[in-house]
Amino acid sequence: MRVKINYELCEGHGRCFDNAYEMFDEREDGKGVAKMEVVPDDDFDMQRAARSAAMMCPMNAIEIIEDD
Ligand code: SF4
């Protein structure tokens, strides 16, 4: 799984790094940043954190790209 933040959409609401802090950090400009772009297949906790942050993001800025 890959995790990307679309910075055209992200407004720095912080729900990703407040709630899924194991997966996201806060950038200097207040926007979120994924701690890892590629989440290993067997890291279910990190996958869950990424998916829940994507659902919580009010700007729909977190993109989850599933592996084929
Ligand atoms: S929750 Fe969404 S809008 Fe807020 S910082 Fe994270 S990615 Fe950006």
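Numbering of ligands and ligand atoms starts at 1, following listing order. What you see is a predicted model, and the numbers here were worked out from it, not measured in a lab. Hydrogens, waters and symmetry mates play no part in the numbers below; they use all other heavy atoms, side chains included.
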Inset, instruction - Evaluate whether atom CZ of Arg27 has more than 12 neighbouring non-hydrogen atoms of other residues, nucleotides or ligands under 6.0 angstrom away. - result: yes

Legend entry - Donor-acceptor pair, side chain of Gln47 and main chain of Asp41, under 3.5 angstrom: yes

Legend entry - Identity and separation of the nearest protein heavy atom to atom 1 (S) of ligand 1: Cys16 N, 3.4 Å

Legend entry - Identity and distance of the protein heavy atom lying nearest atom 3 (S) of ligand 1: Glu11 N, 3.5 Å

Legend entry - More than 12 heavy atoms of other groups within 6.0 Å of Glu8 CD: no

Inset, instruction - Please report which non-hydrogen protein atom sits nearest to atom 7 (S) of ligand 1, along with the residue it belongs to and the distance in Å to one decimal place. - result: Ile62 CG1, 3.7 Å

Inset, instruction - Would you mind listing which atoms of ligand 1 come within a distance below 4.0 Å of any non-hydrogen atom of Cys10? - result: 3 (S), 5 (S), 7 (S), 8 (Fe)

Legend entry - Distance filter under 4.0 Å to Gly14 heavy atoms, resulting ligand 1 atoms: 4 (Fe), 5 (S)

Legend entry - More than 12 heavy atoms of other groups within 6.0 Å of Tyr7 OH: yes

Legend entry - Asp45 with Arg48: basic N within carboxylate O range, under 4.0 Å: yes

Inset, instruction - Using a strict 4.0 Å cut-off to heavy atoms of His13, name the atoms of ligand 1 that fall inside it. - result: 3 (S), 4 (Fe), 5 (S)

Inset, instruction - Identify the protein heavy atom lying closest to atom 2 (Fe) of ligand 1, giving its residue, its atom name and the separation to 0.1 Å. - result: Cys57 SG, 2.3 Å

Legend entry - Met36 side chain reached by Val3 side chain, heavy atoms, under 4.5 Å: no

